[in-house]
Amino acid sequence: MDTTSSPIELLFPDHDAEMARSRKLLALVPDVRLEWQPTPKSMTLGRLATHVAELPRFGTMICTTQELDFASGGWASSVAETTAARLALLDATGKGMKAAIAALDWPAMLAPWVLRVGDTILMKEPRSSHL
């Protein structure tokens, strides 16, 4: 392992490019079609677009906590009802995730992180596996 480079330099050199691609995609979501669903079981287009915008917040949580337990209500979905709001959300969550990853050293990046629902462990792996 190259321990002379920081984790963000080695593992996430494309962070800014990924955020730019996500931003470009979210800018194409029309506000007039947010209730559209491909099937009744699917998320609406508006919910899915908001989910994409908030995903970097999940990365921040991985960097700054030991675990996420969905049974304890540790995650609340964002609400962004316009393209402008979703873009602002992506910008904020992307910036937060980049800062959180940059703050990690190698021991913290390799430390275990747990995703659970109560007593059921869904994942327990090094942080770097989840980001």
message: Do Phe12 and Lys98 make a side-chain contact, defined as non-hydrogen atoms from C-beta onward lying under 4.5 Å apart?
response: no
Residues clustered with Val32, ILVMFWY side-chain links under 4.5 angstrom: none
task: Working to the nearest 0.5 Å, report the span between CG of Leu45 and CZ of Arg33.
output: 8.0 Å
task: Not counting sequence neighbours, list each pair that qualifies as a ring pair (Phe, Tyr, Trp, His ring centres under 6.0 Å) and has a residue in residues 112-131.
output: Phe58-Trp113, Trp113-His130
- request: Can you measure from OG1 (Thr50) to CG (Leu55) and round to the nearest 0.5 angstrom?
  value: 11.0 Å
field: Distance-minimising heavy-atom pair for Ala108 and Asp105
entry: N-OD1, 2.9 Å
message: Please give me the minimum heavy-atom distance between Pro126 and Leu110, naming the atom from each residue.
response: CB-O, 3.6 Å
field: Distance-minimising heavy-atom pair for Ala100 and Cys63
entry: CB-CB, 3.6 Å
- request: Any chance you could measure Met109, atom CE, to Ile62, atom CD1, to the nearest 0.5 Å?
  value: 10.0 Å
- request: Taking side chain to side chain donor-acceptor pair (under 3.5 Å) as the test, write out the residues that go with Asp31, two or more places apart.
  value: Thr83, Arg86
message: Using side-chain heavy atoms (C-beta onward) and a distance below 4.5 Å, is Leu34 in contact with Thr44?
response: no
- line: Nearest heavy-atom approach of Gly96 to Thr60 is C-OG1, 3.3 Å
Taking every non-hydrogen atom, the tightest pair across Ser77 and Arg57: CA-NH2, 4.1 Å
field: Linked, directly or transitively: Leu89 and Val52 (ILVMFWY side chains, under 4.5 Å)
entry: no
query: So do Ser129 and Met123 actually touch side chain to side chain, heavy atoms under 4.5 Å?
result: no
- request: Determine whether Leu68 and Val114 fall in the same hydrophobic cluster, where Ile, Leu, Val, Met, Phe, Trp and Tyr are linked whenever their side-chain heavy atoms lie under 4.5 Å apart.
  value: no
query: If you look at every heavy atom in Ala49 and Leu26, which pair is closest and at what distance?
result: O-CD2, 3.4 Å
- request: Just jot down the side chain to side chain donor-acceptor pair (under 3.5 Å) partners of Thr82, sequence neighbours excluded, or say none.
  value: none
Heavy-atom side-chain proximity of Ile101 to Met97 below 4.5 angstrom: yes
- prompt: Say you draw a straight line from CE of Met61 to OG1 of Thr93; how long is it, rounded to the nearest 0.5 Å?
  reply: 12.5 Å
- prompt: With Ser42, which residues qualify under side chain to side chain donor-acceptor pair (under 3.5 Å), at least two apart?
  reply: Thr39
message: Tell me which pairs pass salt bridge (charged side-chain N to carboxylate O under 4.0 Å, His left out) where either residue lies in residues 61-85, with sequence neighbours left out.
response: Glu67-Arg116
- prompt: Should the heavy atoms of other residues, nucleotides or ligands under 6.0 Å from CG of Asp14 be counted, would the total exceed 12?
  reply: yes
statement: Rounded to the nearest 0.5 angstrom, the CG-CZ distance for Asp91 and Arg23 is 4.0 Å
message: Please report the interatomic distance CD(Gln37) to CG(Leu48), rounded to the nearest 0.5 Å.
response: 11.0 Å
